[in-house]
Amino acid sequence: MSMIIDRRLNDRNKNATNRQRFIKRYKEQLRRSVADIVADRSITDMSRGGEVGIPVKDISEPRFRIGRGGDREMVHPGNKEFNTGDMIAKPKSGGGGGSGSGGEGQGEDGQDNFMFTLSKEEFMNLFFDDLELPRLARTVLGDSQQFTYRRAGYTPSGVPANLSVPRSVKNAMARRIALTAPLKRELEELKTSGADVAEIDALEKRIARIPFLDEYDLRFRHRVKEPKPISRAVMFCLMDVSASMSEKKKDLAKRFYTLLYLFLSRKYEKVELVFIRHTSNAEEVDEHAFFHDPQTGGTVVMSALDLMIEIQRERYSPNEWNIYAAQVSDGDAFGSDPQRSAMRLSKDILPWCKYFAYVEVPDSPSTITPLAAAYSQIRNETFAMSTVMDRSDVYPVLRELFHKESA
């Protein structure tokens, strides 16, 4: 009897082909489980993998069994309570008749879960599977790249067109000085000591034979080819850090930006982030200060928009960059600031901004804040706004704002 043993190499995940087949087959169930995990996971743990539970009923397969067929009615021996045709009531919770985890407090709806461990990459694939930066496909064509050449010093070989005459002459002079200096000293000593004329003449001919320019002296200008993306993207992150922003609201804002950052860093390598926080004054900060440094004061949204425009004019030309922005605030603002900010956004930012997303974290879902009322008057396809009240709302809002556009 012959035996065949498959010893082909596989990656560190055992049965990788079967894993991919399983993930593809039960993608929707896994995605729902991932969404449940995100609602309760801390920011620092957002990008790691983890275990997800899938109800056994969702992965059960249909099967055929051999049976007697037809309708059967019977009363088992020893029965003292039921007659033929009576309906048997469903066992109560904890009575031993439940299945799965029903005895653990889930009552009649208890069911077994199939636990499946996702790697970090698998988790992120499910997490951001159908998300895309809005309108990015209109300006970026795939991963196509063009190349630019940069000066990178000199090289001893190259084409004549790249020959550097000044550098080659300098090398020739340095070589001649190094080779002739000891010979000239020796010649001076022979002349002062009255040596034989033939010996002096031989040394002078030796010095004259040193070439003015040798092949080793040649230097050519060297250029290296660097890939340059056809289109680049920058994402402006604006957040209100005033006193009216409670810790819960800041936590929701942090989660939204963390998800946004993970999404951008996974999708696009050539995307820069600019963090702008504001109270009555705005400032550009790094990622750590944006999320963690406390601030106090009132709210003036116009200061953040003005700083965004200033940074854009200095560093990010719309002709070279795809510009996106996301703003998180509780909606409170002083006096006429909401109306002035909405006008500033509509006239001076949206014309060159590919997409601007405003996410509000109000005290109540029924509250119409001054900033939301002003922003709601903006009519532009590049602007979108939504509301977040709880951790579980962050992920759906991200999916709503950054869904893939139809072809």
*Give the intermediate values and the outcome of side chain to side chain contact (heavy atoms under 4.5 Å, CB included) for residues Asp330 and Thr369.*
CA-CA 8 Å; Asp330 62 354; Thr369 63; over 6 Å; no
Any donor-acceptor pair under 3.5 Å from [X] side chain to [Y] backbone:
| X | Y | value |
| --- | --- | --- |
| Ser168 | Ser164 | yes |
| Ser346 | Met343 | no |
| Asp337 | Val300 | no |
| Arg219 | Leu163 | no |
| Asp214 | Asp217 | no |
| Asp393 | Met389 | yes |
| Arg175 | Pro211 | yes |

Say you draw a straight line from [atom1] of [X] to [atom2] of [Y]; how long is it, rounded to the nearest 0.5 Å?
| X | Y | atom1 | atom2 | value |
| --- | --- | --- | --- | --- |
| Asp348 | Leu350 | CG | CG | 9.5 Å |
| Leu238 | Leu305 | CG | CG | 6.5 Å |
| Arg221 | Arg167 | CZ | CZ | 12.0 Å |
| Leu203 | Lys205 | CG | NZ | 12.0 Å |
| Leu273 | Cys237 | CG | SG | 5.5 Å |

*Please state whether the rings of Tyr375 and Tyr358 are parallel, tilted or perpendicular, taking 30° and 60° as the class boundaries.*
perpendicular
Can you find a pair of side-chain heavy atoms, one from [X] and one from [Y], that are under 4.5 Å apart?
| X | Y | result |
| --- | --- | --- |
| Tyr149 | Val224 | no |
| Glu272 | Met235 | no |
| Ile311 | Tyr316 | yes |
| Pro362 | Thr387 | yes |
| Met308 | Ile349 | yes |

*Before giving the answer on salt bridge (charged side-chain N to carboxylate O under 4.0 Å, His left out), spell out for Lys191 and Glu204 the whole-Å C-alpha distance, their side-chain angles and the decisive distance to 0.1 Å.*
CA-CA 11 Å; Lys191 289 181 178 180; Glu204 288 178 343; 3.6 Å; yes
*Looking just at side-chain N and O atoms, do Thr279 and Ser242 make a donor-acceptor pair shorter than 3.5 Å?*
no
*Name the one of Asp363, Asp332, Asp240 that satisfies salt bridge (charged side-chain N to carboxylate O under 4.0 Å, His left out) with Lys249?*
Asp363
*Just wondering, more than 12 heavy atoms not from Ile210 lying within 6.0 Å of its CD1?*
yes
*asked:* Around atom CZ of Arg206, are there more than 12 heavy atoms from other residues, nucleotides or ligands closer than 6.0 Å?
replied: no
*Sub-6.0 Å ring centroid separation between Tyr324 and Tyr355*: no
*Check the pair Ile323, Gln312 against side chain to side chain contact (heavy atoms under 4.5 Å, CB included), reporting the backbone distance first and the verdict last.*
CA-CA 9 Å; Ile323 303 174; Gln312 177 270 321; 3.7 Å; yes
*Should Phe290 and Met239 be marked as a side chain to side chain contact (heavy atoms under 4.5 Å, CB included) after you check the CA-CA gap, both sets of side-chain angles, and the distance that decides it?*
CA-CA 8 Å; Phe290 184 80; Met239 182 168 70; 3.4 Å; yes
*Could you check Phe356 against Thr382 for side chain to side chain contact (heavy atoms under 4.5 Å, CB included), going step by step and ending with a plain yes or no?*
CA-CA 6 Å; Phe356 193 104; Thr382 62; 5.9 Å; no
